[in-house]
Amino acid sequence: LLQLARWTRAGGQTAWHIAAREGHAAVLTALADGIRAADPGLVRATWGSDLGDTLPTILESLVCFQDSKGLSPLHLACIKGHPEAAGVLM
């Protein structure tokens with residue numbers, strides 16, 4: 001789950017962007033829950049500290065990550081009319 005949470009495709013979109021764009025609130029919830037439940041040491045060992053030093057900071061960094069067009073997952077959920085997905089991201 002940690003690898004999927006940080007996966008990026010061409011254009012800088014992450015799994016978070018794709019799930020938000022498609023309105024998959026359950027996927028976003030699973031990604032967020034996976035980060036919240038992770039061992040902070042394992043997260044830092046996997047990714048380093050470029051996303052932050054605490055799990056809440058890392059989660060915020062992933063949720064706010066902008067793609068090559070400057071859009072975050074929250075932007076995409078709102079643009080595409082997915083209020084439940086947007087709610088998960090807030």
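Here the structure is a predicted model, which is why all the values come from computation and not from measurement.
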From CA spacing to verdict: side-chain contact (heavy atoms from CB on, under 4.5 Å), Leu74, Cys78: CA-CA 6 Å; Leu74 180 58; Cys78 292; 4.0 Å; yes
Cluster question for you: counting only ILVMFWY and a side-chain heavy-atom cut-off of under 4.5 Å, with indirect links fine, are Leu76 and Met90 together?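 No; tracing contacts between hydrophobic side chains, which count when under 4.5 Å, never links both residues.
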If you group Ile, Leu, Val, Met, Phe, Trp and Tyr by side-chain heavy-atom gaps below 4.5 Å, do Ile35 and Leu28 land in one group?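 In one cluster: yes.
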[X] [atom1] to [Y] [atom2] distance, which is reported to the nearest 0.5 Å:
| X | Y | atom1 | atom2 | result |
| --- | --- | --- | --- | --- |
| Gln13 | Phe65 | CD | CZ | 10.0 Å |
| Arg36 | Thr29 | CZ | OG1 | 8.0 Å |
| Leu89 | Trp16 | CG | CH2 | 7.5 Å |

Over 12 foreign heavy atoms within 6.0 Å of CD, Glu22: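 Enclosed: over 12 neighbouring heavy atoms sit under 6.0 Å from CD of Glu22.
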Give a yes or no on this: more than 12 heavy atoms of other residues, nucleotides or ligands lie within 6.0 Å of atom CD of Glu84.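 Incorrect, the count does not exceed 12.
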Heavy atoms only: give me the nearest Ala20-Ala85 pair and the separation to one decimal.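 So the minimum-distance heavy-atom pair works out to O-CB, 4.3 Å.
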Which atom pair, heavy atoms only, marks the closest approach of Val27 to Ala19?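 Where Val27 meets Ala19 most closely, the heavy atoms are CG1-CB, 3.8 Å.
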Side-chain ([X]) to main-chain ([Y]) donor-acceptor, under 3.5 angstrom:
| X | Y | answer |
| --- | --- | --- |
| His82 | His24 | no |
| Ser72 | Cys64 | no |
| His17 | Leu71 | yes |

